[in-house]
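To start, the structure under review is shown below, and the notes come after it.
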Amino acid sequence: MILLLLALAQDVVFDASPPHSDPEEVQARFRNREKPGPYDVKKEKFRLYVPTSYAKDVKWGLLVYINPGDGAGLPAGYEAALEKRKLLAVSPYKAGNERNSYDRFRLAIDAGFNMHKRYNVDPERVYVSGFSGGGRIASMLGVAYADLFAGAIPLCGVNFYLDIPSEPGKVWQRNYIPVDEALKIAKTSSRFVLMTGEKDMNLTNTKAVYEHGFKKEGFKRAAVMVIDGLGHAPPPADQFDKALEFVEKR
């Protein structure tokens with residue numbers, strides 16, 4: 001089984017970026033005063049996961065996964081869950097926490113765009129996920145680019161566009177301001193699963209973002225999952241599969 005899963009992975013370079021990742025577009029989507037720096041997708045590398053059961057005559061979903069470090073790839077066991085649900089996957093290299101957020105956003109957007117060009121991808125089944133700092137990026141993309149990503153599964157890290165109450169007299173400050181059009185889509189039709197662990201250092205923050213953010217602001221299809229005994233680590237594959245089940249419900 002291990003050999004089979006390894007055979008599904010390949011590293012590629014993409015040759016095009018869509019208008020959605022133009023500097024002005026990305027800056028406007030997050031209403032950020034700081035301008036994006038130089039970026040060229042042709043100089044980036046991505047890891048693809050294409051199950052052997054994939055066939056071009058059937059539309060498949062897609063998971064874009066963002067890591068907190070510079071490596072690419074998925075947590076152990078996730079490939080089987082994706083194949084079970086007919087999901088392709090792509091993960092950019094050098095999309096870690098040390099890189100600026102604009103580049104991380106563009107890497108995820110470009111990954112989705114080029115996978116659409118190469119494979120028969122269902123645009124209504126494109127999701128974004130990531131762990132820790134990668135989860136925070138995924139949570140922002142899931143709202144600000146809700147027209148591209150039908151759902152987001154942030155793992156042990158999540159950001160929000162409003163200040164979130166913390167301990168008395170303190171708040172977790174907002175991280176971005178999405179445009180109204182994307183926010184409307186995110187609230188009404190996008191799916192969000194905030195995953196954290198019972199021993200995760202981000203447990204309190206994640207639960208607060210759900211209660212005082214997604215739930216209070218009226219997101220119709222959002223949930224939080226707290227995994228028993230889990231620290232700051234990617235959830236086990238069977239738990240991630242439950243999150244996929246939630247975002248896959250139409």
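As a basis for the values below, the full set of heavy atoms in this structure was taken, side chains included, without hydrogen atoms, waters or symmetry mates.
Atom-to-atom distance recorded for Phe160:CZ and Met140:CE is 12.0 Å, nearest 0.5 angstrom. Note that the CD atom of Glu181 and the CD1 atom of Ile185 stand 8.5 Å from one another [nearest 0.5 Å]. Rounding to the nearest 0.5 Å gives a distance of 7.5 Å between NE2 of His212 and CD1 of Ile164. A distance of 11.0 Å separates CD1 of Ile137 from OG of Ser132, quoted to the nearest 0.5 Å. For the atom pair CZ (Phe113) and NE2 (His20), the distance works out to 9.5 Å, reported to the nearest 0.5 Å. Interatomic distance, Tyr119 OH to Tyr54 OH, rounded to the nearest 0.5 Å: 7.5 Å.
The minimum heavy-atom distance linking Gly197 with Cys156 is given by the pair N-SG, 4.3 Å. For Gly133 against Asn97, the heavy-atom pair with the smallest separation is CA-OD1, 3.3 Å. In terms of heavy atoms, Asp103 sits closest to Pro38 at OD1-O, 4.3 Å. Listed here is the closest heavy atom pair of Ala81 and Ala237: CB-O, 4.4 Å. Between Pro75 and Glu79, the closest heavy-atom pair is O-OE1, 4.1 Å. Smallest separation of non-hydrogen atoms from Val171 and Pro165: CG1-CA, 4.3 Å.
Hydrophobic clustering places Tyr39 together with Leu141 (ILVMFWY residues linked when any side-chain heavy atoms are closer than 4.5 Å, directly or through intermediates). The hydrophobic clustering, which links ILVMFWY residues whose side-chain heavy atoms are closer than 4.5 Å, places Val179 and Tyr102 apart. Cluster annotation: Val12 is connected to Val41 through the hydrophobic network of ILVMFWY side chains, with a link wherever side-chain heavy atoms come within less than 4.5 Å. Connection of Ile153 to Phe246 is established within a shared hydrophobic cluster, with ILVMFWY side chains joined at heavy-atom distances below 4.5 Å, either directly or through further cluster members.
The pair Lys249-Glu245 fails the salt-bridge criterion, with no side-chain N (NZ, NE, NH1 or NH2) lying under 4.0 Å from an Asp/Glu carboxylate O. Salt-bridge check for Lys207 with Asp200: failed, with every basic side-chain N at 4.0 Å or more from each acidic carboxylate O. A salt bridge links Arg85 and Asp241; the closest N-O separation between the charged side-chain nitrogens and carboxylate oxygens is under 4.0 Å.
Put simply, the side chain of Asn32 gets close to the backbone of Glu34: a donor and an acceptor are under 3.5 Å apart. Proximity of a side-chain donor or acceptor of Gln27 to a complementary backbone N or O of Arg33 within less than 3.5 Å is detected. No donor-acceptor distance shorter than 3.5 angstrom exists from the side chain of Tyr176 to the backbone of Ala144, with no hydrogens or angles considered. The closest donor-acceptor contact from the side chain of Arg191 to the backbone of Gly151 lies at 3.5 Å or more, if one exists at all. Judged purely by atom type and a 3.5 angstrom limit, Arg104 uses its side chain to pair as donor or acceptor with the backbone of Gly96. Using modelled atom types, no side-chain atom of Ser21 and backbone atom of Arg106 make a donor-acceptor pair closer than 3.5 Å. A donor-acceptor pair under 3.5 Å links the side-chain atoms of Lys187 to the main chain of Glu217, judged by distance alone.
Met225 is not listed as a side-chain neighbour of Leu230, based on a closest heavy-atom distance of 4.5 Å or more. By the 4.5 Å heavy-atom criterion applied to side chains, Ser190 and Phe149 are not counted as neighbours. A heavy-atom distance below 4.5 Å is not found between the side chains of Leu244 and Val193. Using a 4.5 Å heavy-atom threshold, the side chains of Leu183 and Val143 count as touching. Between Asp110 and Glu44 there is no side-chain heavy-atom pair separated by less than 4.5 Å. The closest side-chain heavy-atom distance from Phe14 to Phe46 is below 4.5 Å. For the pair Met195 and Ile227, the minimum side-chain heavy-atom distance is below 4.5 Å. Using a 4.5 Å cut-off on side-chain heavy atoms (C-beta onward), Glu83 and Thr52 make contact.
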Problem set entry | Step-by-step side-chain contact (heavy atoms from CB on, under 4.5 Å) determination, Leu203 to Glu198 | CA-CA 7 Å; Leu203 170 64; Glu198 179 187 18; 5.5 Å; no
Exercise. Arg125 and Arg250: side-chain contact (heavy atoms from CB on, under 4.5 Å), yes or no, with the steps?
Worked result: CA-CA 10 Å; Arg125 297 179 61 225; Arg250 301 296 178 103; 2.8 Å; yes
Exercise. Can Met115 and Leu48 be said to form a side-chain contact (heavy atoms from CB on, under 4.5 Å), step by step?
Worked result: CA-CA 9 Å; Met115 290 295 283; Leu48 310 187; 3.6 Å; yes
Problem set entry | Pair Trp172-Val158, side-chain contact (heavy atoms from CB on, under 4.5 Å): steps then yes or no | CA-CA 11 Å; Trp172 283 289; Val158 58; over 6 Å; no
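Within a 6.0 Å radius of NZ in Lys117, other residues, nucleotides and ligands contribute more than 12 heavy atoms. The environment of CD in Glu211 is crowded: more than 12 heavy-atom neighbours from other residues, nucleotides or ligands sit within 6.0 Å. Open room surrounds CZ on Arg174; 12 or fewer heavy atoms of other groups in view lie less than 6.0 Å from it.
Between the side chains of Tyr127 and Glu248, at least one donor-acceptor pair of N or O atoms lies under 3.5 Å. With 3.5 Å as the limit, one finds no donor-acceptor pair spanning the side chains of Asn205 and Asn202.
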Atom pairs and distances, side-chain donor-acceptor, residues 59-74, under 3.5 Å, sequence neighbours left out:
{"unit_1": "Lys59", "atom_1": "NZ", "unit_2": "Asn120", "atom_2": "OD1", "d": "3.2"}
{"unit_1": "Asn67", "atom_1": "ND2", "unit_2": "Gly71", "atom_2": "O", "d": "3.4"}
{"unit_1": "Asn67", "atom_1": "ND2", "unit_2": "Gly73", "atom_2": "O", "d": "3.0"}
{"unit_1": "Asn67", "atom_1": "ND2", "unit_2": "Ser91", "atom_2": "OG", "d": "3.3"}

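Annotation: Phe30 is in aromatic contact with Phe105 [ring centroid separation under 6.0 Å].
Between Phe192 and Phe214, the angle of the ring planes lies from 30° to 60°, which puts this pair in the tilted group.
Listed by first then second residue, pairs satisfying side chain to side chain donor-acceptor pair (under 3.5 Å) with a partner in residues 158-171 read Arg136-Asn159, not counting sequence neighbours.
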